[in-house]
Amino acid sequence: MNSLPDRLESGSAYPLGASFDGLGVNFAVFSAHAEKIELCVFDETGKRELRRYELPEWTDEVWHGYLPEAGPGLLYGYRAHGRYAPEEGHRFNSNKLLLDPYARKLSGPVRWTDALHGYQVRSRREDLSFDRRDSAIAMPKAVVVDDHFDWSRDVKPNTPWSETVIYEAHVKGLTKLFDLVPPRERGTYAALGHPKVIEHLKRIGVTALELMPIHAFTQDRFLQEKGLRNYWGYNTLGFFAPEQSYFATDTQDELRRAVRRLHAAGIEVILDVVYNHTCEGSERGPTLSWRGLDNATYYRLLPDNPRYAINDTGTGNTLNLTKARVIQMVADSLRYWATSFGIDGFRFDLGLTLGREDDGFDPGAAFFDVLRQDPVLGRLKLMTEPWDIGPGGYQLGNFPPSFAEWNDKYRDTVRKFWRGDPSQRGDLAARLAGSGDLFDRRARRPWASVNLIGAHDGFTLFDTVAYEQRHNEANGEDNRDGHSENYSRNWGAEGPTDDPDINDARQRVMRSMLTTLFTSLGTPLLVAGDEFGRTQNGNNNAYCQDNEISWLDWQRARSPEGEALIDFTARLAALRRRYPMLRAGNFLYGDGAPGQGIDDLEWWDERGEQLSPEDWDNPQGRALVMRRSMRLENGEIELVSLLLNASPEPIVFKMPSPGGARMIVIDSAKPDQGAIEVQDEYEVGPQGAALATRTMAPE
């Protein structure tokens, strides 16, 4: 701007944030308890404050004003005046520059200094003291943007849930080492839409790319002091602003173009979003945005001592989703990403926190109701992580219809079965059949179970078969962080080995676990790199490893073992597309359909006999056959049988009646074997899984 007016015009309380209308910018920010809020305008470097304006109007607890002649590129922040009374939950300190919660772009990083705290960090009075230093120089600034983008030719894939295959990836880690991507684009949003990336995703049958957090996040001070970085990004600084470090260019349209290219390839984009907490930490954390604007509204505080934040998330604070304006902020954020960036769905980190009311978790919580009835958000794919560390913090299966849930019971059961644990047959059957014991209620469908054998937190698939202990020494926490029980087995050596028998066993078990994943009812989730045996060298909590430990090693993908596993994964994905019973959209009950003496779901043992109660309870039972069937439109009955052998010896399976020829279409113990015809018996190798198919003519 060439010149700035002396004062703001009144403007409007809606919409929240900074909105450019072609002639100027409207500023609106919520605070129920502030006594005054000032808008601070900065030069293009963000270092010099040009002007400070008092927001002239307060409507429905929204402070607002209009700056004529202002436009995109303007840098700004807020200062909130009010009572500094921590014992009452109020932490106003006008010496602290505050980021707009609705900021759509950030300029500059957080530069850690004690001046970012509202209190004197080294005072004996701790957070009851008051710090008068100005924090502006250390704060990122919000940037006014113009979000117009032509989505008119974009065609959303709208993949049905039952046909969805999710690929969880990190924007940087996915392509940082991918030499087929131009060097300048590696590790950026631009690379997500690169033809070679899309080609790989299509090859392995991916229909949805789930990105780990791309909301702007902070680099934790304690990690920086140890020479480490927050790699995963679960420490949100801005719910509307894309993380700037992932851009290859200076335009946010880079991300929009990547989404359009993925859509054109039939691939949806899902964001992992963190609305359960913010980067401000506990009551002893910094004052960067929400704490300084209205601590008592944005955060859940102890009712009998509001000086202290409730920590249901393990990060020091918990956003208060019982407050209407907080729900509005989250819903506005989700809607913004869906409409401005074309996002197709969301995975809610610690989603249970978002549904916790004062008396505990409630599937009818206001936040869930808002999402389900919203004309934009209610049509998207919604997933949740159904746990946190708060009271009643495990609610798998208890979320409302329209939500899918990450199923850790699936992960743990599959891992335990394939490492040879006793008494797993019954629980495995429930997981293979879509976990109806957890999800078959309120008209929910098998897709509500997001089936995973690994995720960003925990062992990779390869490390699950290569390590029995975590190896997190690089994190600098004396190997005390991360899961202590991973249900893993190293098959004879801890870590890499030259022993061919051990390596053969590891490859076989990985193929068997992938076969289990792709043939289970529910929504399969594959972690980036598991399709070629990616390793983190036994690190099961690589949240701070922004390096080769976390980045995908595409040279490993091109190794003979990597290529073979990719091919095997691609075959599994193709079979899942080919046989509808592998991805049935409804729960199966074994109730007489499709006929001819065959039920839609049946369980058999290796003897070709249906399991008795004693068989189910047999702790040494390591073999299981799941047969599913359906009647096709032409009257034929199609049967698919999954043959599982978790024992250390080969097992000859007698095929379930009726007799006749079957096709073995894939066998994890014989990966090079193509489809072969067999009659009434088939031998499955140790730790092997095979899929048999058959089509029966109409009666």
Side-chain angles (χ1 to χ4, degrees), residues 154-182 185-212 214 246 248 254-272 341-347 381 383 450-456 460-461 510 514 517-518 523-534 550-558 562-578 583:
D154 180 63
V155 179
K156 284 180 168 291
N158 289 322
T159 308
W161 261 115
S162 61
E163 299 175 14
T164 297
V165 176
I166 301 173
Y167 189 81
E168 187 199 30
H170 186 282
V171 170
K172 184 175 184 179
L174 178 63
T175 62
K176 183 64 177 176
L177 301 178
F178 199 1
D179 56 353
L180 299 181
V181 171
E185 294 183 1
R186 293 173 196 168
T188 71
Y189 298 121
L192 298 177
H194 191 275
K196 289 299 181 181
V197 173
I198 291 175
E199 178 184 306
H200 178 75
L201 297 178
K202 297 289 285 184
R203 176 183 177 187
I204 59 174
V206 169
T207 71
L209 176 62
E210 179 183 318
L211 298 176
M212 291 176 66
I214 66 170
Y246 298 153
E254 175 186 324
L255 175 56
R256 296 181 175 98
R257 286 193 291 267
V259 172
R260 278 202 58 178
R261 290 183 177 122
L262 287 161
H263 283 178
I267 298 172
E268 296 180 309
V269 180
I270 295 171
L271 298 188
D272 190 341
F341 287 94
I343 299 303
D344 302 283
F346 301 94
R347 179 263 189 191
K381 285 186 167 69
M383 289 185 289
V450 177
N451 299 331
L452 61 155
I453 49 180
H456 63 271
T460 65
L461 176 60
M510 283 196 293
L514 287 168
L517 177 68
F518 276 89
T523 303
L525 182 146
L526 189 66
V527 182
D530 276 359
E531 73 274 21
F532 59 77
R534 168 179 166 255
S550 296
W551 304 339
L552 268 64
D553 182 355
W554 289 96
Q555 293 301 319
R556 186 182 180 100
R558 296 190 189 107
E563 281 286 356
L565 195 56
I566 291 173
D567 285 341
F568 191 82
T569 304
R571 288 177 61 194
L572 287 170
L575 289 170
R576 187 176 176 89
R577 291 191 299 272
R578 162 64 182 84
R583 47 182 168 81

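All residue numbers in this chain count up from 1 along the given sequence. All of these numbers come straight from a predicted model, not from anything done at the bench.
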Given 3.5 Å as the limit, does a donor-acceptor pair link the side chain of Glu268 with the main chain of Pro157, or not? no
The reported gap from CG in Asp344 to CG in Leu271 (rounded to nearest 0.5 angstrom) is 9.0 Å
For the side chain of Glu254 and the backbone of Ala190, is there at least one donor-acceptor N/O pair under 3.5 Å apart? yes
Straight-line distance of Met383 CE to Phe346 CZ, nearest 0.5 Å: 10.5 Å
Any donor-acceptor N/O pair, Arg583 side chain to Trp161 backbone, under 3.5 Å: no
List the atom of Ile198, the atom of Gly193, and the distance in Å for their closest heavy-atom pair. CD1-O, 3.6 Å
Answer yes or no: is there a side-chain heavy-atom contact under 4.5 Å between Val165 and Phe518? yes
Gap separating the OG1 atom of Thr569 from the CZ atom of Arg571, nearest 0.5 angstrom: 10.5 Å
Return the OG1 to CG distance between Thr207 and Leu262, rounded to the nearest 0.5 Å. 12.0 Å
The reported gap from CG in Leu211 to CG in Leu209 (rounded to nearest 0.5 angstrom) is 4.5 Å
Side-chain contact test, heavy atoms from C-beta onward, threshold under 4.5 Å: evaluate it for Asp179 versus Gln555 and give yes or no. yes
dist Ile267:CD1 -> Arg261:CZ (nearest 0.5 Å) comes out at 13.5 Å
Here's a test for you: under side-chain contact (heavy atoms from CB on, under 4.5 Å), which of Leu565, Leu526, Leu572, Leu461 qualifies with Glu531? Leu526
For the backbone of Leu174 and the side chain of Trp554, can you confirm whether one donor and one acceptor N or O come within less than 3.5 Å of each other? yes
When you measure from the side chain of Lys156 to the backbone N and O of Gly342, does any donor-acceptor pair fall under 3.5 Å? yes
Please examine the side chains of His170 and His456, heavy atoms only from C-beta on, and report whether any two atoms are closer than 4.5 Å. no
Can you check whether Val181's main-chain N or O pairs, donor with acceptor, with Arg186's side chain at less than 3.5 Å? yes
So Val269 and Phe341, do their side chains get closer than 4.5 Å, heavy atoms only? no
So, for Ala258 and Leu192, which heavy atoms are closest and what is the spacing to 0.1 Å? CB-CB, 4.2 Å
In the structure I gave you, are the side-chain heavy atoms of Glu185 and Phe178 within less than 4.5 Å of one another anywhere? no
Any sub-3.5 Å donor-acceptor pair from Arg534's side-chain atoms to Leu552's backbone N or O? no
Heavy atoms of His194 and Leu180 approach each other most closely as CE1-O, 3.3 Å
Might you point out which heavy atoms bring Ile453 and Leu514 nearest each other, and give the distance in Å? CD1-CD2, 4.1 Å
Using modelled atom types and a 3.5 Å cut-off, is there a donor and acceptor pairing between side-chain atoms of Lys381 and backbone atoms of Ile270? no
Quick one: does Thr175's side chain have a donor or acceptor within less than 3.5 Å of a partner on Gly187's backbone? yes
Quick one: closest heavy-atom pair of Asp553 and Phe532, and the distance? O-CE1, 3.5 Å
How close do Ala455 and Leu452 get, counting heavy atoms only, and between which atoms? CB-CD1, 3.8 Å
Verify, without hydrogens or angle tests, whether Glu199 (side chain) and Val197 (backbone) share a donor-acceptor contact under 3.5 angstrom. no
